[in-house]
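Each remark here refers to the structure printed beneath this line.
Note that the coordinates shown come from a computational prediction; the quantities given were computed from them, not determined experimentally. Below, chain A is the first sequence line, B the second, and so on; all start at residue 1.
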Amino acid sequence: MRGSAGGKWILSALSVVLLVFAVGCAKKELVKSTDTASGAEAATPPPVETQAVPQEPIVTETMKPEEMQTAMAGVAATQEKPSQFPDIHFDYDKSFLREDAKPILREVADYLKANPAASILIEGHCDERGTPEYNLALGERRAESAKTYLVSLGVKAGSVSTVSFGEEKPIDPGHDEVAWERNRRGHFVKK
Amino acid sequence: MIRSAGRLLLFLVLLLVPSVSGAVLYIDINAPGGKRMPIALPDFVVTGGDASLARKLPEAIGGDLAMTSLFDVIPRPAYLERIVTEHFSGRRLSFPDWKMIGTEAVVIGQVEVRGDQMMVEMRLYDASLGKMMIGKKYTGPASQFRKMAHKFANEVLYAFTGVRGIFDTEIAFSARPEKGKGKEIYIIGLDGSELRQVTDNRSFNLFPRWSPDGKRLAYTSYRTGLPQIYLRNLADGTDRIVARYGNSKSPGSFSPSGDSLYATLSVEGNSDIYRVSLAGSGVQRVVGGWGIEVSPSVSPDGKSLAFVSNRGGSPQIYVKEIGSSGERRVSRAGHYSTSPSWSPAGDRIAYTSFMDGRYSIYTVRPDGSDPSLVVSGNGDCLDPSFSPDGRYLVYTFRKNGYSELKIASVDGRWQRGLFKGLSAAGSPSWSPRR
């Protein structure tokens, strides 16, 4: 009738009972009082509590018509923008300008000096390695080091702005050294 | 005879073991590899509505309990007794039948759905004592049936361990929707069900962080074309911009009181950590320096910050007491350590570190001692976030552009996938308790 679990119960129960007997007559009261308690509890089981679970509180945003214009800028931010200048590239986890970036930056500086009304947005990008939040800050630093160099070449600071996209906008979808090198970049967009 | 002997034994055990807030400690939650509690979860009684709930509810509870590695769910085919509605109106369970299959606990339930509302009564019995340990009735929208199961699983865990469960918590994260190149914020249940989209603006929406009351999410959005920190009210879907100062911005961590946000703001290319008041518009720099300072995570007592700085030449984790000038490095090994998450008990900091050619999750004491590996895989493990009970971490697993969210116990012995339905899923953040 009973399984091995029952057998184990008997054994362990017996050993505890023996232990309790060894302790002496105090045990009898101990057991009795718990029996009384168990009887009392059986007569009045814990009450079944009722709890209300509210409606799902999470609402997806809805866009108002007047927000659509700025939303377009948000969508546009996810798309690669054409540039008349080549990208500059950076070493892994570094934001200093490499020598191969400087001729490109001089080209950008010459353009801005020749066109005083023009302004440029420098996008800083990172490869996919590492963590996204750190990469956002790293991309910022890359864009800013390009800006600092442009200003040192005589470009008005007010005509250059920066934005970091961290690792969110790879130009090369690959996952190897070649792709990573292409994706660690500064990208120049005319505003 | 056998039953009374077993009952006697259990009562003696109950007398010997201290209780926490009235709960009996049957299981020591901090003793890995200890005895597991065998539990049976027979089909619920459905008196009206969707008959599939008879199994979905106990399965949800069983899945939650299995996650703890403290319970063994006895397989259903072994069960000898069928639960009927009379069991909720006075009929006694046949406890010998439950003991015979080796279980020590039985959860029974009864569901009634009326229209879009439902009521579920759930009970936990101690099969040895033949005694009800918990009885709860939950009422609410029928769509919330999983939430009700998770809440009862919390009760079951509490009854056996004295530790409050987290089964009704959720994870916020960012991922690429099926259309477009942007990323949206999503929320998913801890059991991997009930995926919901929070943002829908088709730009980049990144780095969600829960407020301490679980009612708001701070996150970075490019919805105007430039990164700004927004504060989303989850109940009504409204947003507001939190900080206008600076260029790139990412929310790091709410203060424990929820009245301010420790955030990374970049000013002229220099990323520093600021405390942003959410009531007014005050912005105060907390951590500065010439390098990149990013990713603040506040200690649960609100007195210290863990953060990332590359001031030593590579990104590493530092800790500072807020208001003091002292800042100490706590990550030692690896040439890249980022994304700290302070444990709810305050005793550990989890972070990402690059070692042996891959990114892995480690924890360390706030004084920098006792670094310990949590998870390392055949790919990269990134961006850990602690569960509110401090026993688990949710993190991003990435390999060759593939990305999913996973959960691991803090000792690394247990791991499970959480979500892999969308590409580029990442930056998970665990909600507070509900």
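If you tally non-hydrogen atom pairs under 4.5 Å between each of B:R398, B:R123, B:K399 and chain A, the highest count goes to B:R398. The choice from B:E293, B:E121, B:M119, B:K215 that makes the most heavy-atom pairs within less than 4.5 Å of chain A is B:E121. Of the listed residues (B:G180, B:P227, B:S266), the one with the most heavy-atom contacts under 4.5 Å to chain A is B:S266. Ranked by heavy-atom pairs under 4.5 Å with chain B, the first of A:A137, A:S145, A:A143, A:G166 is A:A137. Taking B:G401, B:A424, B:G140 one by one and counting their heavy-atom pairs under 4.5 Å with chain A, the maximum is reached by B:G401. In terms of non-hydrogen atom pairs under 4.5 Å with chain B, the most contact-rich of A:T162, A:V163, A:L136, A:D176 is A:L136. Contact tally against chain B (heavy-atom pairs below 4.5 Å) for A:Q79, A:R129, A:K147, A:K94: the top residue is A:R129.
The environment of NZ in A:K81 is crowded: more than 12 heavy-atom neighbours from other residues, nucleotides or ligands sit within 6.0 Å. No more than 12 heavy atoms of other residues, nucleotides or ligands sit less than 6.0 Å from atom NZ of B:K181.
For B:D380, no part lies near chain A; criterion is any non-hydrogen pair under 4.5 Å. Both the backbone and the side chain of A:L138 come within contact range of chain B, judged by heavy atoms closer than 4.5 Å. For chain A, no part of B:P38 is nearby; none of its heavy atoms comes within less than 4.5 Å. Residue A:E167 touches chain B through its side chain alone, counting heavy-atom pairs closer than 4.5 Å. With a 4.5 angstrom heavy-atom cutoff, B:F204 touches chain A via backbone and side-chain atoms both. Of the two parts of A:A76, neither the backbone nor the side chain holds a non-hydrogen atom closer than 4.5 Å to a non-hydrogen atom of chain B.
Side-chain atoms of B:N201 do not come within 3.5 Å of backbone N or O of A:G74 as any donor-acceptor pair.
Between A:E133 and the options B:T220, B:T264, B:L206, a side chain to side chain contact (heavy atoms under 4.5 Å, CB included) holds for only B:T264.
The closest side-chain heavy-atom distance from B:I292 to A:Y134 is below 4.5 Å. Annotation: side chain of B:D383 is in contact with side chain of A:P132 (closest heavy-atom distance under 4.5 Å). Inter-residue side-chain proximity for A:V75 and B:R223 is flagged as unmet; no heavy-atom pair is nearer than 4.5 Å.
For the atom pair CZ (A:R141) and OG (B:S248), the distance works out to 12.0 Å, reported to the nearest 0.5 Å. The OG1 atom of A:T131 sits 12.5 Å away from atom CZ of B:F354, with the distance rounded to the nearest 0.5 Å. In this structure, OG on B:S250 lies 10.0 Å from CD on A:E140, to the nearest 0.5 angstrom.
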Please assess B:T139 against A:Q51 for the test side chain to side chain contact (heavy atoms under 4.5 Å, CB included), listing each intermediate value before the final yes or no. CA-CA 6 Å; B:T139 57; A:Q51 189 181 342; over 6 Å; no

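A:D93 approaches B:S314 most closely through the heavy-atom pair OD2-CA, 4.5 Å.
Under the 30°/60° scheme for interplanar angles, the aromatic rings of A:F165 and B:Y222 are found to lie parallel.
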